Amino acid sequence: GQRLLEVGQNIGMPLEGTCEGQMACSTCHVIVAAEWFDRLAGAADDEEDMLDLAAGVTRTSRLSCQIV
Ligand code: FES
């Protein structure tokens, strides 16, 4: 299946995904709508650590390469 990263790229969202899902960048950062955020499986510690380094992070930020 596709990850949200690829789905977003396919519809023209400006997601780079430089590390291709290795959680070594944060160029796939997305802010998830609150009503959807709670439906997602929680972020792993590695994802949280990388999000801490991303610009403009919010309470509902995720790395789109980690959302399937
Ligand atoms: Fe690099 Fe998601 S593509 S962390």
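Everything numeric here is computed off the predicted structure, so don't read it as measured data. Residue indices begin at 1 and follow the sequence shown. Both counts, for ligands and for their atoms, begin at 1 and track the order of listing.
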Within-4.5 Å side-chain heavy-atom neighbours: Asp52 and Val57: no
Are His29 and Ser64 linked by a side-chain donor-acceptor pair shorter than 3.5 Å? no
Using modelled atom types and a 3.5 Å cut-off, is there a donor and acceptor pairing between side-chain atoms of Gln2 and backbone atoms of Val68? no
Atom 2 (Fe) of ligand 1 - number of protein N/O/S atoms closer than 2.8 Å: 2
Using the rule side-chain contact (heavy atoms from CB on, under 4.5 Å), only one of Leu15, Leu63, Leu5 pairs with Val30; which is it? Leu15
Polar side-chain atom of Ser26 near backbone of Met50 as donor-acceptor pair, under 3.5 Å: no
Looking at Glu47, is its backbone amide N or carbonyl O close enough to the side chain of Gln66 to form a donor-acceptor pair, meaning the two atoms are under 3.5 Å apart? no
